[in-house]
Amino acid sequence: MPELPEVETVVNGLKPQVMGHRILDVRNSGKNLRYPLPDFTSITHATINDIHRRAKYLIFSLDNQQTLLWHLGMTGQFHVLENDAEAAKHEHVRLDLSENISLCYRDTRRFGYADICDTNNLLAHPWLKKLGVEPLTDEFDAKQLKINLQTRNTSIKQNIMDNAIVVGVGNIYASESLFRAGIHPAAPAKSLSSKQLGLLVLHIKEVLKEAIIAGGSTISDFVKADGKPGYFAHSFKVYGRDGEPCLVCKSPIQRIVQAGRASFFCPNCQKV
DNA sequence: AAGGTTACCTGCCCGC
DNA sequence: TGCGGGCAGGTAACCT
């Protein structure tokens, strides 16, 4: 479920709670996540120095030259609980930390995944090495996007969701940013002008920033690290609103499926 | 070889 | 009330 703003929110929520804590033990439910869990022995007794985000990955930097990489999949959640707290339903991993707290990982659908690697080789990790630019940096601009899209025959929506081009734009914010930019989700990526791409870049940055400020979206099971839900869902303009009137022109919002994913758009405000 | 489809899992919501 | 089908925010491995 989480998109970039949600992961950012989780990282920010976890940092003050677990930074500086030592990992004393790691327990798991015995069930695999998307991939088998890594062997945690190399990080038990290490201390969590810092937590970062790259794309939708949480990156735990440890003090022993090891890094713990974690993706939340669709339904992953971290909670910081007392050491002896009873395991919630769908808790699959628990890192027992110093000072009697535990970092607990719940994941209903078990689409999440984790790995451990040498910090020196972090950027060479297969999950990270092919990732495109971060959307909230200056590296993500219309000029580079235009170059990346000029050979792409597929739709603009599929391309802004392609992690090799730009990371962190998931299904919700793809629809929302295309609406704001007035671009039809099915428009061929290579057909868009520099001006249109400039507008799109601007709105992707804007919608992601707004969501981070709002503390991440809430749909079904997103919970921030402190257990409180985010609330950006209240400001979706098209996502999940098929059949309802466009907030700008009152035309009914339409839903189509692209590459197996639902897209929402206003047929009047967004042109191919 | 780009582009489309499917798989991974569980839960929920809807219609019958 | 129960059951089956469809759907869900992500990613990658398959096919073609």
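Just so it is clear: chains get the letters A, B, ... in the order the sequence lines come, proteins before strands, and each one is counted from 1. None of the values given here were measured: they were computed from a predicted structure.
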Results of salt bridge (Lys or Arg N to Asp or Glu O under 4.0 Å) for [X] - residues two or more places apart only:
X      : answer
A:D96  : A:R27
A:R241 : A:E244
A:E139 : none
A:R54  : A:E134

message = Is it the case that the ring center of A:W70 lies less than 6.0 angstrom away from the ring center of A:Y113?
response =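 Not under 6.0 Å, so no.
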query = What about the rings of A:H92 and A:Y105, do their centers lie closer together than 6.0 Å?
reply =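 Between A:Y105 and A:H92, which both carry aromatic rings, the centre distance is not below 6.0 Å.
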request  = Enumerate the residues from residues 145-157 of chain A whose closest heavy atom to DNA chain B is under 4.0 Å, giving them by residue number; use none for an empty result.
outcome  =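 Listed by number, they are A:N153, A:T154.
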Can you tell me the distance, in whole Å, between the [atom1] atom of [X] and the [atom2] atom of [N]?
X      : N     : atom1 : atom2 : value
A:F111 : C:dA8 : CZ    : P     : 12 Å
A:R255 : C:dG6 : CZ    : C1'   : 10 Å
A:R261 : C:dG6 : CZ    : C1'   : 15 Å

ask   = When rounded to the nearest Å, what value does the distance between C1' atoms of B:dG3 and C:dG9 take?
value =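 Here B:dG3 and C:dG9 have their C1' atoms 23 Å from each other.
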Where at least one partner belongs to residues 80-91 of chain A, residue pairs that pass side-chain hydrogen bond (donor to acceptor under 3.5 Å, both in side chains), sequence neighbours excluded =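 Found A:E91-A:R94.
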task = Could you tell me from which nucleotide to which nucleotide of DNA chain B, 5' to 3', there is an atom under 4.0 Å from chain A heavy atoms?
result =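 Nucleotide range with atoms under 4.0 Å of chain A: B:dG3 to B:dG11.
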query = Got a sec, which pairs hit ring-ring contact (aromatic ring centres under 6.0 Å, His included) with one end in residues 175-200 of chain A, sequence neighbours left out?
reply =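 Counting only pairs at least two positions apart or across chains, the ring-ring contact (aromatic ring centres under 6.0 Å, His included) contacts touching residues 175-200 of chain A are A:H184-A:F265.
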key: Qualifying ring-ring contact (aromatic ring centres under 6.0 Å, His included) pairs with a residue from residues 148-170 of chain A, counting only residues at least two apart or across chains   =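 Counting only pairs at least two positions apart or across chains, no ring-ring contact (aromatic ring centres under 6.0 Å, His included) contact touches residues 148-170 of chain A.
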ask   = Which part of the nucleic acid does A:G170 contact within heavy-atom distance under 4.0 Å: base, sugar-phosphate only, or nothing?
value =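 Sugar-phosphate, backbone atoms only, no base.
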message = Give me each pair satisfying salt bridge (charged side-chain N to carboxylate O under 4.0 Å, His left out) with a member in residues 39-52 of chain A, each pair once, sequence neighbours excluded.
response =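 Listed once each, the pairs would be none.
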key: Derivation and outcome, side chain to side chain donor-acceptor pair (under 3.5 Å), residues A:Q66 and A:D118   = CA-CA 5 Å; A:Q66 298 287 292; A:D118 286 343; 2.6 Å; yes
Write down the protein N/O and nucleotide N/O pairs, taken from nucleotides 12-15 of chain C, whose separation is under 3.5 Å; answer none if there are no such pairs.
| unit_1 | atom_1 | unit_2 | atom_2 | d |
| --- | --- | --- | --- | --- |
| C:dA12 | O4' | A:R34 | NH2 | 3.1 |

Strand DNA chain C in bracket notation, Watson-Crick/G-U under 3.5 Å with | for pairs to another chain = .|||||||.|||||||
key: Residue pair A:Q158, A:S155: steps toward the side chain to side chain donor-acceptor pair (under 3.5 Å) verdict   = CA-CA 5 Å; A:Q158 288 168 251; A:S155 71; 3.1 Å; yes
query = Do the side chains of A:V93 and A:I101 join up, straight or via other hydrophobic residues, at under 4.5 Å, putting them in one cluster?
reply =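 Yes, because A:V93 and A:I101 connect within a single hydrophobic cluster, where side-chain heavy atoms sit under 4.5 Å apart.
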